[in-house]
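Let me begin by presenting the structure, written as structure tokens, before commenting on it.
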Amino acid sequence: MTTKIAVAGSKGRMGQLITDEIGRFDDLELVAGFDVRGVGDPLGRGVAVSDASELAEVLQRSGAQVLIDFTTPSATVENVRVAADLGVDLVVGTTGFSEDQKEKMARSIEGRAAAVISPNYSQGVNLFWRLIEVAARSLQGYDIEVVEAHHRNKMDAPSGTAAEAVRILKRATGKSEAVYGRVGQGLRGEEIGVHAVRAGDIIGDHTVLFAGPGERLEIRHQAHSRQAFASGAVRAARWVAGAPCGIYAMADVLGQR
Ligand code: NAP
């Protein structure tokens with residue numbers, strides 16, 4: 001059976017890779033793409049970019065079962081509301097949501113659709129999150145610093161992947177405070193330090209550094225291309241189609257729970 005997929009942000013860096021990736025599989029069909037630019041541009045197999053304002057109408061007309069959304073936080077919150085109302089399942093890749101936006105999405109999804117929401121769809125980062133949890137539980141009392149680097153056009157800082165790392169590290173260590181960058185005088189406290197580098201065309205690097213007396217351990221993931229995210233998002237779309245209503249993480253897709 002074929003799974004019909006629509007992509008929001010289809011002209012973006014991620015959206016273009018995702019539409020290409022869908023085309024590689026016989027069991028998946030790209031039925032619609034949405035963006036605020038490039039409307040009317042061909043996406044292959046007779047599908048053209050639709051205006052983002054026509055989301056509800058085109059989702060219904062195309063029979064889309066899953067919407068993959070890599071846009072902006074405010075656009076995604078609205079797209080999730082519209083898609084979930086129609087019972088269309090979701091893969092959300094956008095990062096940088098406020099707590100309020102996350103709650104709005106959860107309310108839209110509840111009882112209406114299944115959604116995978118992950119700040120990072122690469123297999124490597126999902127293992128990285130598990131490894132840093134093990135390290136944090138083992139190396140109690142060590143100083144912890146999170147350093148991430150991304151391209152100069154990235155909108156949100158720190159990255160969603162780093163924010164998830166901080167959440168995991170807080171839970172594993174009991175540390176409650178994160179300090180974002182440091183400037184001026186003063187000794188380090190018991191915080192988790194978080195640092196965001198924005199430069200050139202770096203796809204996405206994340207390092208968690210654990211330092212104690214006489215040693216340090218660094219756990220690092222480096223994305224060499226966005227393909228790792230695109231492949232993971234499409235894998236999540238295949239998994240989420242028709243799943244019971246609820247919000248899932250990439251760990252569910254990878255069978256890591
Ligand atoms: P991008 O190149 O700016 O692409 C986003 C696209 O969405 C743009 O074409 C944008 O148009 C369009 N857009 C804006 N509002 C829209 C709407 N209402 N409906 C449909 N399309 C709309 O950004 P990107 O690098 O692909 O990243 C997109 C998001 O994914 C970011 O939040 C990024 O952090 C995240 N991301 C997540 C992962 C992951 O694995 N979860 C990996 C990479 C990136 P305009 O540019 O004209 O506004």
Side-chain angles (χ1 to χ4, degrees), residues 5-21 32-41 43 47-59 64 67-83 88 90-98 101-102 105 115-129 148-165 196 198 200-206 221-237 240 247-254:
I5 304 180
V7 176
S10 53
K11 293 295 284 183
R13 281 176 288 260
M14 282 304 303
Q16 292 187 42
L17 282 176
I18 288 167
T19 54
D20 288 350
E21 177 74 3
F34 302 90
D35 211 298
V36 291
R37 53 186 159 123
V39 173
D41 286 358
L43 290 171
V47 177
V49 178
S50 296
D51 193 289
S53 62
E54 296 168 4
L55 183 69
E57 188 194 327
V58 178
L59 280 179
L67 176 68
I68 303 180
D69 190 308
F70 280 70
T71 57
T72 65
S74 56
T76 302
V77 171
E78 179 58 13
N79 293 345
V80 164
R81 186 187 66 73
V82 170
V88 174
L90 287 145
V91 172
V92 173
T94 306
T95 60
F97 297 108
S98 65
Q101 288 173 320
K102 286 183 197 167
M105 284 197 294
V116 180
I117 303 180
S118 176
N120 198 307
Y121 280 92
S122 85
Q123 284 201 59
V125 159
N126 280 270
L127 178 58
F128 164 90
W129 282 327
E148 57 101 332
H150 282 85
H151 55 94
R152 66 195 326 281
N153 295 314
K154 185 164 177 61
M155 298 294 286
D156 51 319
S159 68
T161 303
E164 176 65 7
R198 291 290 173 270
D201 58 1
I202 300 169
I203 303 281
D205 295 353
H206 292 88
H221 178 272
Q222 291 179 289
H224 297 175
S225 96
R226 291 182 177 81
Q227 188 57 43
F229 312 133
S231 302
V234 171
R235 181 170 173 178
V240 83
I247 295 181
Y248 302 92
M250 194 58 188
D252 296 302
V253 178
L254 297 171

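In this chain, residues are counted from 1 in sequence order. Just so you know, ligand 1 is whichever comes first in the structure, and atom 1 is the first atom listed for that ligand.
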Distance filter under 4.0 Å, heavy atoms only, around ligand 1 gives G9, K11, G12, R13, M14, F34, D35, V36, R37, A52, F70, T71, A75, N79, G93, T94, T95, S118, P119, N120, Y121, K154, D156, F229

Would you say the side chains of S159 and H150 form a donor-acceptor pair under 3.5 Å? no

Provide the closest heavy-atom pair for Y121 versus A236 in the form atom of the first, atom of the second, distance. CE2-CB, 3.8 Å

Locate the shortest heavy-atom distance separating E21 from A230; write the atom from each residue and the value. CG-O, 4.2 Å

For D201, side chain to side chain contact (heavy atoms under 4.5 Å, CB included) partners two or more places apart: none

Only counting residues at least two apart or in another chain, list the ones meeting side chain to side chain contact (heavy atoms under 4.5 Å, CB included) with Q101. P73, S74, V77, F97, S98

Who passes side chain to side chain donor-acceptor pair (under 3.5 Å) against T161, sequence neighbours left out? N120

